[in-house]
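All values derive from a computational prediction rather than experimental measurement.
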Amino acid sequence: MADRPTFDEAVTHWLRLRIGEGMGRSGEAALVAVTLRMRVGLLLTVPAIETLEAAITARWGVNLVVSAGNTVADVAAAIVASCQRTAA
């Protein structure tokens, strides 16, 4: 039986998939195209970053402003931290 991913892993997977889809890829290709060290602004246009922010709010219930200089890991960590603060 496969282990269930941690909350951090689930957030990171979801985020990498959404960013990859924003780049025009789908499925496994979307995940492979996005690593944690990549800067969001090098992957997505400003309108696509705004769409990502709306998707984060819709999925995770937190409002974040994603900067073009943020790495994918930065954004994932911010989502997790915000969700933990909200739950506390």
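At least one side-chain heavy atom of Val66 sits less than 4.5 Å from a side-chain heavy atom of Ile56. For the pair Arg39/Asn70, no side-chain contact is recorded, criterion being any heavy-atom separation below 4.5 Å from C-beta on. Side-chain atoms of Val62 and Thr57, non-hydrogen and from C-beta on, never get closer than 4.5 Å to each other. Leu64 places none of its side-chain heavy atoms less than 4.5 Å from the side chain of Glu53. Side chains of Thr35 and Val72 form no contact here, defined as non-hydrogen atoms less than 4.5 Å apart. Considering only heavy atoms from C-beta on, Leu52 comes within 4.5 Å of Leu15 through its side chain.
Taking CZ from Arg37 and OG1 from Thr71, the interatomic distance works out to 10.0 Å, rounded to the nearest 0.5 Å.
Nearest heavy-atom pair, Leu44 versus Ile19, reported as atom, atom and distance to 0.1 Å: CD2-O, 3.7 Å. Minimum heavy-atom separation, Glu21 to Ala30: N-CB, 3.9 Å. Of all heavy-atom pairs between Met23 and Leu43, the closest is CG-O, 3.4 Å. Closest non-hydrogen pair, Pro5 versus Ala10, comes out as CB-N, 4.4 Å. Heavy atoms only, all atoms of each residue included: Glu9 and Thr6 are closest at OE1-N, 2.8 Å. Taking both residues in full, the closest heavy atoms of Leu31 and Leu17 are given as CD2-N, 3.7 Å, listed atom of the first, atom of the second, then distance.
A donor-acceptor pair under 3.5 Å links the side-chain atoms of Arg16 to the main chain of Val34, judged by distance alone.
One hydrophobic cluster, built from ILVMFWY side chains closer than 4.5 Å, holds both Trp60 and Leu36.
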